[in-house]
Q: 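First, the structure itself, so that you have it in front of you.
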Amino acid sequence: MEKWRRLLLVLALFLAFFSARSQSFIGVNYGQVADNLPPPSATASLLQSTTISKLRLYGADPAIIRSMSGTNISLVLGVPNSDIPSLASDPSAAASWAAANVLPYVPATSISLVAVGNEALDSGDAALASQLLPAMRNLGSGLAAAGVKVSTVHTMSVLAHSEPPSSGAFRPELSADLTGILGFLRDARSPFMINPYPFFAYRSDPRPETLAFCLFQPNPGRFDAGSKLMYTNMFDAQVDAVRSALDGLGFPEVEIVVAETGWPYRGDPDEVGATVENARAFTGNLVAHLRSLVGTPLMPGRSVDTYIFALYDEDLKPGPASERSFGLYRADQTMNYDAGLVKSASSSYTSPSPPAGTTPPAGRCVPGATPHTGADGRPTQPEAQCHSPDAVGSDAAVGADHRLFFLSVALTLLL
């Protein structure tokens, strides 16, 4: 009996330890379009109370960078689009940027990457798009000695096709710019950064079954006839569409990082789906999905680094109410909703019930089911292979394997 008590104690301690760990693949965006944000030191303390291990800034605020010193939180800094022309035309300007914004802070503060521009290829400025690669090259030269990588961030609109995921392809008019950028990323071993938002996919197709698909909740699944794979959530479908586009352009070795994804907890009356319940379901289920290490159907067995949008509400952002309502936290650092990211509660998140009006199927994958709209609003295709929770390498299987392994270790040590 004493041995069993000891075994239970070991297992409880193990589960408590691993539920409190920071996950290397979970990050958050820190937007600063606000006049009420807490001081950087308070933000550093808040992040250390969570399992978030990465922080993306849209600039290079020195106070925030300094506040992350010694925290083991890795930073992504941003170069505004307005700085791209000078960095592209003058290598010394790029070297000066690196010397002012990165080199004084490393290695005390971990800075993993600098994103040159934000959604620059979608800016509508052809000159800016053509200057993006030279700016990346010049800044990359200035940061090479520090081991800091360089990339840039894109929206999903760089894709001409995204549904089914196996048909993912970049817009033809961007091929020349993207081929150069992707060649740079491949040679520098830097990631392709993309902003997939299932919320916007649902907004364009606001049916109950689409909502369940976007929120990682039980749904019939959507078949991809090209890959013979089943998709059970929009996030995986969007990420795999990007994977297909990269492979199709000849860059299978370039990794993907999700630079932004999120769900607003509030919106204007005409903003369908912007509720606290949906935001909690999306973010909580996304975090659980990433922690499972199940991956996507095209990239199984590993989680894509993902930055949730956003850490705080930004009260000065223009546009509809949803734009000011993506924060995990309010400016006073109280939660807008609990997504299971606090270390002491990271294992307590429970997925909400499916949205009203849906009938959960017996399983998440139903072969032969009729799919609906995809990431780009096009109809999906039938006949594919299920990527289900019961499959090897999936959420349930990975969790069971982990439990059995640690149970066997504990039994070996104690019995």
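In what follows, every heavy atom counts, from backbone to side chain, and hydrogens, waters and symmetry copies are set aside. Just so you know, these numbers come straight off a predicted model, no measurement behind them.
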Q: Would a distance-only check, ignoring hydrogens and angles, find a side-chain to backbone donor-acceptor pair under 3.5 Å from R266 to S322?
A: no
Q: So, S151 side chain and P191 main chain: donor-acceptor pair closer than 3.5 Å or not?
A: yes
Q: Determine whether a donor-acceptor pair (N or O, by modelled atom type, separation under 3.5 Å) exists between the side chain of D268 and the backbone of E271.
A: no
Q: Check this for me: D270, atom CG, are more than 12 non-hydrogen atoms of other residues, nucleotides or ligands nearer than 6.0 Å?
A: yes
Q: The criterion is salt bridge (Lys or Arg N to Asp or Glu O under 4.0 Å); which residues satisfy it with D90, sequence neighbours excluded?
A: none
Q: Applying ring pair (Phe, Tyr, Trp, His ring centres under 6.0 Å), which residue pairs with at least one partner in residues 112-154 are found, sequence neighbours left out?
A: H154-F192
Q: Quick one: list whatever passes salt bridge (Lys or Arg N to Asp or Glu O under 4.0 Å) with E119, sequence neighbours left out.
A: none
Q: Are V28 and L55 packed together at the side-chain level, in the sense that at least one heavy-atom pair is separated by less than 4.5 angstrom?
A: yes
Q: Any donor-acceptor pair under 3.5 Å linking the side-chain atoms of Q32 with those of Y58?
A: no
Q: Sub-3.5 Å donor-acceptor pair from the side chain of R186 to the main-chain atoms of V254, do we have one?
A: no
Q: Under the 3.5 angstrom rule, does the side chain of D224 hit a backbone N or O of S166 as a donor-acceptor pair?
A: yes
Q: Regarding Y30 and D61, is there a side-chain donor-to-acceptor distance under 3.5 Å anywhere?
A: no
